[in-house]
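This report concerns only the one structure given below.
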Amino acid sequence: METLNPHFTLRGVGVTLNGRRILEGIDLDIPKGRATFIMGRSGAGKTTLLRVLNRLNECFPGSETSGEVLLHLDRGVVRPYAGDIALPELRRLVGMVFQHPNVLPMSIEANIAMPLSTVRGCGRDEAMEVARLALQEARLWEEVRDRLDADARTLSGGQQQRLCLARTLAMKPDVLLLDEPTSSLDFMAARGIEELLAGLKGRYTLVVVSHGREFSARLADDIVILRDGRVHGPSGDIDADLDTCPEGLERMP
Ligand SMILES: Nc1ncnc2c1ncn2[C@@H]1O[C@H](COP(=O)(O)OP(=O)(O)O)[C@@H](O)[C@H]1O
Ligand SMILES: [Mg+2]
């Protein structure tokens, strides 16, 4: 059998939010360079599991994460929860794209350039060059190259989601966390995001939350089913773990 290099190793991971156990006993290996899909019903803990990987649950007061999380880097294995890696560096390496596009209320260009200058200390010329490359990688450049000064909120939903992806790619991550990236989009826009993610596979480790069966069938290398905060395993009846409300891709045009 093929041996896969892990990018993340989780052992006995649990998360408590406001005194409530949300995740429990999570044992998971997320392989490098592959697309791991996390599926399960609404409330199963999918988003919370993604947030374990970049310590984003800590944004909620009273959150507690237990167990072992290992991040395998070229320079060796680090334990994000033991402080082996600074939080800004962790969040840069493990970038996240949220379910609803969260563009900043500023120009298309500034949406990418501003975080680059504040987080990575890039000068204007460098930021512009990195922004152009990121927009090309997110397949948005041709649509916005003549209106980089326009307010990002004037873009369509699909374009905003690609802008958010470009903003994350500009930080040069190793891992991309994508939380139901097509759920707020119409069929064509969702299809565009799917094709884009297919192109990113291999170059990045993708961890994608989805409850779209066809979307995951086309893109996933590995599927993890969550049920009531526990890993249920990839085998068995997936239908029981899918919401009746499907993802954008499952909708007909
Ligand atoms: N900040 C929070 N504080 C308390 N409970 C939360 C918080 N975020 C999520 N939860 C609860 O944790 C459970 C799992 O949520 P979530 O990870 O968002 O599930 P999913 O993404 O699978 O829909 C839900 O019952 C939700 O209500
Ligand atoms: Mg969620």
Side-chain angles (χ1 to χ4, degrees), residues 8 10-28 30 35-69 80-81 87 90-91 94-103 157-158 160-161 164-165 168 175-186 189-190 193-194 197 205-217 219-220 222-251:
F8 272 103
L10 276 61
R11 291 292 175 264
V13 169
V15 173
T16 306
L17 294 176
N18 272 333
R20 220 186 109 204
R21 201 77 166 143
I22 308 294
L23 295 177
E24 192 156 18
I26 304 285
D27 293 330
L28 196 60
I30 296 173
T36 299
F37 271 55
I38 300 170
M39 302 182 75
R41 280 186 177 273
S42 190
K46 305 181 297 297
T47 299
T48 306
L49 179 56
L50 274 194
R51 290 194 302 239
V52 165
L53 303 179
N54 63 357
R55 286 181 54 184
L56 216 54
N57 286 313
E58 287 165 39
C59 294
F60 303 112
S63 83
E64 276 176 37
T65 304
S66 55
E68 188 170 55
V69 178
Y81 286 84
L87 206 44
L90 175 71
R91 301 231 172 106
V94 185
M96 185 150 176
V97 175
F98 297 88
Q99 185 167 4
H100 299 287
N102 57 340
V103 297
Q160 289 190 26
Q161 195 57 301
C164 292
L165 182 60
T168 304
V175 181
L176 286 173
L177 311 177
L178 301 133
D179 196 354
E180 304 196 41
T182 63
S183 65
S184 63
L185 305 180
D186 64 33
I193 296 285
E194 180 186 322
L197 295 184
T205 296
L206 303 182
V207 189
V208 186
V209 166
S210 160
H211 47 234
R213 176 193 264 289
E214 293 173 26
F215 180 34
S216 57
L219 218 62
D222 307 286
I223 293 179
V224 176
I225 306 282
L226 272 190
R227 190 182 288 174
D228 297 332
R230 289 177 167 274
V231 174
H232 194 65
S235 59
D237 181 11
I238 293 182
D239 282 334
D241 289 291
L242 297 181
D243 280 325
T244 43
C245 172
E247 199 140 353
L249 270 173
E250 317 290 299
R251 274 180 239 133

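Numbering of ligands and ligand atoms starts at 1, following listing order.
When only non-hydrogen protein atoms are considered, atom 18 (O) of ligand 1 lies nearest to Thr47 CB, 3.7 Å. With hydrogens left out, the protein atom closest to atom 11 (C) of ligand 1 is Ile22 CD1, 3.7 Å, a heavy atom. Counting only heavy atoms of the protein, atom 14 (C) of ligand 1 lies nearest to Gly43 O, 3.4 Å. When hydrogens are left out, the protein atom nearest atom 8 (N) of ligand 1 is Leu17 CD1, 3.5 Å; that is the closest non-hydrogen contact. Protein heavy atom at the shortest distance from atom 17 (O) of ligand 1 is Thr48 OG1, 2.5 Å. Of the protein's non-hydrogen atoms, Arg20 NH1, 4.3 Å is the one closest to atom 26 (C) of ligand 1.
The closest donor-acceptor contact from the side chain of Gln161 to the backbone of Pro181 lies under 3.5 Å. A side-chain donor-acceptor contact under 3.5 Å links Asp27 to the backbone of Gly12. Of the possible donor and acceptor atoms, none in the side chain of Tyr81 sits under 3.5 Å from a partner among the backbone N and O of Gly67.
Among Val207, Leu56, Leu53, the single residue meeting the side chain to side chain contact (heavy atoms under 4.5 Å, CB included) criterion with Met96 is Leu56.
Among the backbone and side-chain atoms of Gln99, no N/O/S atom is found under 2.8 Å from the Mg ion (ligand 2).
Inclusion of Gly45 in the set of residues having an N or O under 3.5 Å from an N or O of ligand 1 is warranted.
In the model, Asn54 has no side-chain atom that pairs as donor or acceptor with a side-chain atom of Arg91 under 3.5 Å.
Two residues are said to be in side-chain contact when any heavy atoms from C-beta on lie closer than 4.5 Å; Val175 and Phe8 meet this criterion. Two residues are said to be in side-chain contact when any heavy atoms from C-beta on lie closer than 4.5 Å; Val208 and Leu219 fail this criterion. At a threshold of 4.5 Å between non-hydrogen side-chain atoms, the residues Ile38 and Leu226 count as touching.
Using a 4.0 angstrom heavy-atom cutoff, Glu180 does not count as in contact with ligand 1. Heavy-atom distances between Ala44 and ligand 1 reach below 4.0 Å in at least one pair.
For ligand 1, the atoms sitting less than 4.0 Å from at least one non-hydrogen atom of Arg51 are 8 (N), numbered in the order shown with element in parentheses. Counting the atoms of ligand 1 from 1 in the order shown, those under 4.0 Å from a heavy atom of Arg41 are 22 (O).
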